Amino acid sequence: MKILVTGFEPFGSDAENPTLLAVNALPETLAGARILKRILPVSFQAAQRMVRAAVAQEGVDAAVLTGLAGGRAKISLERVAINVQDARMPDNDGDCPVDLPIRAEGPAAYFATLPLRHIQAGLQDAGIPVEISNSAGTYVCNLAMYCALDEIALLGLRARAGFIHVPYLPQQAQAHGAPGMRLEETVRALTTALEILAGGGA
Ligand code: PCA
């Protein structure tokens, strides 16, 4: 089994992105699955290209994309990605799309195809705060999730895909007066989710 795992570069006013650090900290193999790591730019255009290319070319069985959701207190398992790009601030290329579709002919939305309830239960058992979220936003994270699921659908692949949002790092949380999560905890959350996926929890 081969699992694509992505994190994002820093963006906005934050010099760090916990998902870049967490993805880089993951082992190369987990529960017998090969982990293929990619760090995505926070760019509507470049992230779209990279996610679609990775899904189309790498022959992965699953894609677990991750990003920062500053302000959230728990690991968020995203249920749905919607066909819209609506930026609240420019991306790292200076692009700021408003009310644009991701793919004009694409479906309005895709549901995650990861075993969300299994992952939720596994994280709860591990004592990690977790929730199922019904919005991945309308920024680059939602776009990345949509593109992974869209590419899988367009190519008729069997791969599963979904998105996990994580809270701020503790130092970011302090600066923003928002909830945070230690990096070790975020790494443990991703590791647990990937083990469940590799173990075939359906
Ligand atoms: N979070 C942003 C984009 C990159 C990231 O880590 C988002 O939630 O869209």
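In each ligand, atom 1 is the first atom listed, and ligand 1 is the first ligand listed. It should be emphasised that the depicted structure is a prediction, and the values quoted were computed from it without experimental measurement.
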Can you tell which of R52, R38, R34 makes a salt bridge (charged side-chain N to carboxylate O under 4.0 Å, His left out) with E58?
R38
Looking at Y139, does the NZ or CZ of R88 lie under 6.0 angstrom from its six-membered ring centre and within 45 degrees of the ring axis?
yes
Shortest non-hydrogen contact from P107 toward D150:
CD-OD1, 4.1 Å
Check each protein residue for a heavy atom under 4.0 Å from ligand 1 and list those that pass, ordered by chain and number.
F8, F11, N17, V42, G67, L68, Y139, V140, C141, H165
Would you indicate whether Q45, at its atom CD, is surrounded by more than 12 heavy atoms from other residues, nucleotides or ligands within a distance under 6.0 Å?
no
Check ion pair D61-R160 (N to O, under 4.0 angstrom):
no
Rounded to the nearest 0.5 Å, what's the gap from CZ on F11 to CG on L20? Could you check?
12.0 Å
